[in-house]
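Numbers here simply count residues along the sequence, with the first being 1. Just so we're clear, the structure is a prediction, and the values are computed from it rather than from any experiment. Basis for what follows: all heavy atoms, side chains included, without hydrogens, waters or symmetry-related copies.
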Amino acid sequence: MTIHDSGYKRLFSHPEMIRDLLVGFVREPWIADLDFASLETNRGEFIDDRLQQRRNDVIWRLRLGPDWFYVYVLLEFQSGVHPFMAARLSTYLDLLYQDLIRGRQLGRRRRLPPVLPIVLYNGRRHWTAPTDLADLIDPAPPGLDTYRPSLRYLLIDALGWRG
């Protein structure tokens, strides 16, 4: 963990910062339907199937629309380019979903909540890694490409908004 990670964790432990991050950087119409008063932090520590502890940086959840319907915001803070970040986030997403399933936290819908994975990058050079898991996988023969997994994350590259 770098000094930036600790600072970002502290900074984004406040609901106001998560609200400002989403409103300021996510250009999607559903942002207007988020209930920011319902923001809750979620632990980002999981035990995988091999009983190893896994940790991501910050996870928040909040209501979307009139129903108690969560959008999980998963934040990952990076100071260096990680070429396989999409694969790492896929692992974190799977661990989050497995935790929700084991903890019987899916409610009556018995469906998994949507997740917005965000990588907040503050390195010295622009981010160059693919932002979709599908781009890390070799092209497949026709018909097999249908089964290629995809997980896209929102990249916020601090170089783009530094003065």
M85 vs W127 side-chain heavy atoms within contact, under 4.5 Å: yes

Rounded distance [0.5 Å steps], CG in D33 versus CZ in R63: 12.0 Å

Heavy-atom pair with the smallest gap, counting every atom of S90 and L151: N-CD2, 3.4 Å

Exercise: identify the closest heavy-atom pair between V119 and Q78: CG1-CG, 4.0 Å

Spacing of CG belonging to N122 relative to CD1 belonging to I156, to within rounding of 0.5 Å: 12.0 Å

Minimum heavy-atom distance between A129 and H82, given as atom pair plus value: CB-O, 3.3 Å

Option passing side chain to side chain contact (heavy atoms under 4.5 Å, CB included) with I118 (candidates L89, L21, L155): L21

Sidechain-backbone polar pair: D94 side chain, Y92 backbone, donor-acceptor under 3.5 Å: no

For V81 against P83, the heavy-atom pair lying closest together: O-CD, 3.6 Å

Interatomic spacing from OG1 in T128 to OH in Y121 - rounded to 0.5 Å: 7.5 Å

Contacts of type side-chain contact (heavy atoms from CB on, under 4.5 Å), residue Y97, not counting sequence neighbours: L93, L100, L112, P113, V115

Listing, residues 24-31 side-chain donor-acceptor contacts under 3.5 Å, not counting sequence neighbours, or none:
{"from": "R27", "atom 1": "NH1", "to": "G24", "atom 2": "O", "distance (Å)": "2.8"}
{"from": "R27", "atom 1": "NH2", "to": "G24", "atom 2": "O", "distance (Å)": "3.0"}

Straight-line distance of R88 CZ to Y153 OH, nearest 0.5 Å: 10.0 Å

Atom of L39, atom of P15 and distance for their closest heavy-atom approach: CD1-O, 3.4 Å

Pairs flagged by salt bridge (Lys or Arg N to Asp or Glu O under 4.0 Å) wherever residues 127-139 is involved - sequence neighbours left out: D132-R152

Note, F36 side chain near L62 side chain (heavy atom, < 4.5 Å): yes

Non-hydrogen atoms of D35 and S38 that approach each other most closely: O-OG, 2.6 Å

